[in-house]
Amino acid sequence: MKAIRYHQTGGPEVLRLEEVPEPQPGSGEVQLSVHAAGVNFADTERRRGLYDAKVPLPRILGSEAAGIVADVGPGVDKALVGKRVVAWTVASYAERAIAPVSSLVALPDTVPFDVAAAVPVQGLTAYHLLRTVGQVQEGQSVLIHAAAGGVGGLAVQLAKAAGMRVFGTVSSEAKARLVRELGADEVIRYDHEDVVAEVHQRTGGRGVDLVLDAVGASTWAASLAALAPFGHLVSYGSASGPPPPVDVDSLFAKSVKVSAYWLHTPHPPGTHVRALESLIRHVAEGKLRILIGLKLPLAEAAEAHRRLEGRETVGKVVLTVR
Ligand SMILES: NC(=O)c1ccc[n+]([C@@H]2O[C@H](COP(=O)([O-])OP(=O)(O)OC[C@H]3O[C@@H](n4cnc5c(N)ncnc54)[C@H](OP(=O)(O)O)[C@@H]3O)[C@@H](O)[C@H]2O)c1
């Protein structure tokens with residue numbers, strides 16, 4: 001089969017389209033014929049050697065796939081063969097990928113493969129940031145950085161659906177328009193507006209209840225300063241570099257909380273698959289909009305990475321495989 005692999009860490013140019021053996025499903029696993037694979041910012045960090053650096057190379061990238069079950073491993077119901085599914089899995093920048101049967105979510109015919117491939121990583125992250133970590137309530141306010149991005153755009157919609165007042169930061173006017181369309185109440189151009197001053201001015205000086213920050217180094221100080229008393233800052237990434245160490249003394253004045261979220265932390269069994277089922281149902285019912293900002297063939301994975309790292313993309317970046 002064809003797959004995108006890298007033999008050494010580095011820039012997008014290390015990604016190569018290669019002919020490799022098809023992976024075989026083990027016990028409790030299926031082999032997917034991949035139709036679309038999602039691209040995530042973490043894939044660019046893995047490729048640069050900043051994340052998951054202990055995984056041996058060469059490596060096939062990719063954390064999510066939508067496609068058709070092509071084969072099943074020992075003990076798995078053969079009736080699954082031919083079913084349309086989506087899964088949060090590994091090594092999905094490829095024509096075939098393996099997924100545990102327990103991770104599969106059935107796809108309604110109305111949800112195209114490219115749309116489905118956009119949901120697992122970014123959808124689950126947005127869902128858990130708001131529900132599991134933020135435990136958000138109607139009437140609260142949230143500041144979402146990089147709100148036009150993959151996780152950001154979904155978090156804006158889920159936060160609005162939960163009845164929150166949503167603030168989004170973006171780096172261009174085109175992104176600002178999009179975030180307003182997705183339902184944000186307030187958009188801040190953090191390339192030239194002062195985020196803290198804008199948040200305080202637009203909240204009567206109070207600040208926001210929750211900040212979701214995956215930008216890191218360049219936004220951290222503003223994220224803390226934008227919090228309302230008893231507010232909560234959740235770090236879930238570091239697109240601009242890691243945030244500084246937390247100075248606990250600085251949290252006292254407003255009694256604020258700082259926490260972190262990672263999708264790979266062991267969650268109670270079945271949590272991710274149930275959340276993914278609900279997200280796919282919302283997509284099928286038209287309640288959650290999946291914006292595919294860039295769709296390229298598998299062979300152009302390097303270009304997809306270049307554009308994502310260059311802050312040129314909005315919404316989801318998808319590789320089409322067949
Ligand atoms: N903790 C977890 O489990 C988890 C899971 C999924 C994703 N994440 C993290 O969530 C973040 C978003 O991921 P995503 O896949 O949805 O990507 P994305 O938001 O679609 O793309 C990254 C965005 O970050 C913003 N950004 C700000 N400073 C940047 C910089 N120096 N370099 C590049 N981008 C910068 C850009 O938006 P603007 O131009 O508008 O600033 C860019 O479009 C990433 O940090 C990722 O690692 C974490």
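Start at 1 and go down the list; that is how both ligands and their atoms are numbered.
Interface atoms of ligand 1 facing Val170, defined by a heavy-atom separation under 4.0 Å, are 40 (O). Atoms of ligand 1 found under 4.0 Å from any heavy atom of Lys175, numbered from 1 in the order shown, are 37 (O), 38 (P), 39 (O), 40 (O), 43 (O). Every atom of ligand 1 with a heavy atom of Leu263 under 4.0 Å away is listed here by number and element: 2 (C), 3 (O).
Heavy-atom distances between Tyr51 and ligand 1 stay at or above 4.0 Å for every pair.
The residue from Ala260, Gly150, Ala239, Gly293 that puts a heavy atom closest to atom 20 (O) of ligand 1 is Gly150. With atom 13 (O) of ligand 1 as the reference point, the heavy atom nearest to it among Tyr261, Phe41, Trp262 is part of Phe41. If you check each of His145, Arg311, His128, Arg189 against atom 27 (C) of ligand 1, the one with the closest non-hydrogen atom is Arg311.
When only non-hydrogen protein atoms are considered, atom 47 (O) of ligand 1 lies nearest to Glu45 OE1, 3.6 Å. Here the heavy atom of the protein found nearest to atom 48 (C) of ligand 1 is Tyr236 O, 2.8 Å. The single protein non-hydrogen atom nearest to atom 23 (C) of ligand 1 is Ala146 CB, 4.0 Å, given as residue, atom name and distance.
Here the two rings, on His145 and Trp220, have centers that are 6.0 Å apart or farther. The ring of His267 has its center closer than 6.0 angstrom to the ring center of Tyr261.
When heavy-atom distances to ligand 1 are checked against a 4.0 Å cut-off, Val314 has no atom that comes that close, whether in backbone or side chain.
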